[in-house]
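See below for the structure under consideration.
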Amino acid sequence: MNLLLKKIAHETYLLSFEGRLCSNIYLIENELGKILIDAGDEKTEVPLEPDLCILTHGHFDHTGGVRPGWKNVLLHEKEFSFSGPYVRIPKNAKPNPMKPLKFGAHLLEFYHTPGHTEGSICIYDKGTGLLFSGDTKFAEGMVGRTDLGGNEKALLESLALIEKIPYRLLCPGHGKLEWKDG
Ligand SMILES: [Zn+2]
């Protein structure tokens, strides 16, 4: 599989693989190390070892690519007890402390945004203005499915919360990226 890296912001890349589709995988890389956001499905071979892997939720198409040897893999605590279908919790995943994380020019803030799953999160990089929205919000006004054990009311509340975040570029878990103001 040929890895394609597309730069989307300062020190931030969208990973894709020639000839195959999986969830969007994002990489923040600088002199301090590598942070991966989501990991694709089990057929995804991410050719790097992240210092930290942050999962937006527990669905297999986002978590399956996590390798057993990765040391810091974080998932919201509610996802460990969430019983919806298609959930695949990597054995090495630990509860995300959800505390802001400074990483050089990046400042990651974590938002619990249930609805698609109970433990879905969004990650806002205050340094670059990017919002990694997992399967909660997509481009063109599309929103996450709630028929996989999710909750529609919770999703609406999460979408309202997202609208208060002053992000510039939406970086969803699938499909294309979208600038907030056209
Ligand atoms: Zn999902």
Side-chain angles (χ1 to χ4, degrees), residues 1 6 8 12-17 20-28 35-46 50 52-68 70 72-98 108-125 130-163 165 167 169-178:
M1 278 191 294
K6 185 180 171 206
I8 55 173
T12 310
Y13 306 87
L14 172 64
L15 275 65
S16 57
F17 301 91
R20 80 176 299 265
L21 274 177
C22 63
S23 76
N24 287 341
I25 303 171
Y26 299 96
L27 171 69
I28 302 173
I35 295 179
L36 204 64
I37 296 176
D38 283 338
D41 61 18
E42 68 278 6
K43 293 197 182 101
T44 306
E45 290 167 28
V46 180
L52 171 64
C53 175
I54 304 165
L55 300 169
T56 60
H57 63 295
H59 280 153
F60 75 96
D61 54 330
H62 299 252
T63 64
V66 170
R67 299 288 148 228
W70 292 1
N72 295 303
V73 180
L74 300 179
L75 187 62
H76 191 276
E77 61 178 2
K78 292 242 155 125
E79 215 67 338
F80 290 87
S81 54
F82 177 63
S83 58
Y86 306 121
V87 173
R88 183 183 184 280
I89 308 293
K91 286 203 172 68
N92 46 340
K94 297 185 197 105
N96 189 334
M98 302 291 283
L108 305 183
E109 291 182 343
F110 298 92
Y111 292 86
H112 181 211
T113 52
H116 176 64
T117 64
E118 277 182 23
S120 282
I121 65 165
C122 291
I123 303 142
Y124 173 50
D125 184 346
L130 269 50
L131 182 75
F132 303 97
S133 57
D135 284 1
T136 299
K137 181 176 168 68
F138 302 106
E140 296 175 338
M142 303 284 283
V143 301
R145 290 174 64 173
T146 55
D147 60 335
L148 303 169
N151 180 308
E152 195 162 343
K153 183 170 175 282
L155 185 77
L156 290 174
E157 287 169 7
S158 294
L159 292 168
L161 171 68
I162 288 172
E163 285 322 299
I165 303 172
Y167 68 89
L169 182 64
L170 183 75
C171 301
H174 299 275
K176 59 183 177 183
L177 285 56
E178 185 175 71

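Sequential numbering from 1 along the given sequence is applied to the chain's residues. Whatever order the structure lists them in is the order used to number ligands and atoms, beginning at 1. These numbers come from a predicted model, not from an experiment.
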Only N/O/S atoms count here: what is the atom of His59 closest to the Zn ion (ligand 1) called?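 Looking at His59, the N, O or S atom with the least distance to the Zn ion (ligand 1) is ND1.
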Looking at the Zn ion (ligand 1), which N/O/S atom of Asp135 is the nearest one?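 Looking at Asp135, the N, O or S atom with the least distance to the Zn ion (ligand 1) is OD2.
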Indicate yes or no: does Glu163 engage Lys137 in a salt bridge with an N to O separation below 4.0 Å.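 A salt bridge links Glu163 with Lys137.
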Lys43/Asp41 salt bridge by N-O under 4.0 Å criterion: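 Salt bridge between Asp41 and Lys43, a charged N being under 4.0 Å from a carboxylate O: no.
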Got a sec: is Asp61 within less than 2.8 Å of the Zn ion (ligand 1) via an N/O/S atom?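 Here the distance criterion (N, O or S atom, under 2.8 Å) is not met by Asp61, so no.
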Examine all N, O or S atoms of His62, backbone included, and report whether one is under 2.8 Å from the Zn ion (ligand 1).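 Of the N, O and S atoms in His62, none lies under 2.8 Å from the Zn ion (ligand 1), which means no.
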List the steps, then state whether side-chain contact (heavy atoms from CB on, under 4.5 Å) holds for His62 with His174. CA-CA 10 Å; His62 299 252; His174 299 275; 3.1 Å; yes
CD1 on Ile123 to OG on Ser133, rounded to 0.5 Å: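 It is 9.5 Å, given to the nearest 0.5 Å.
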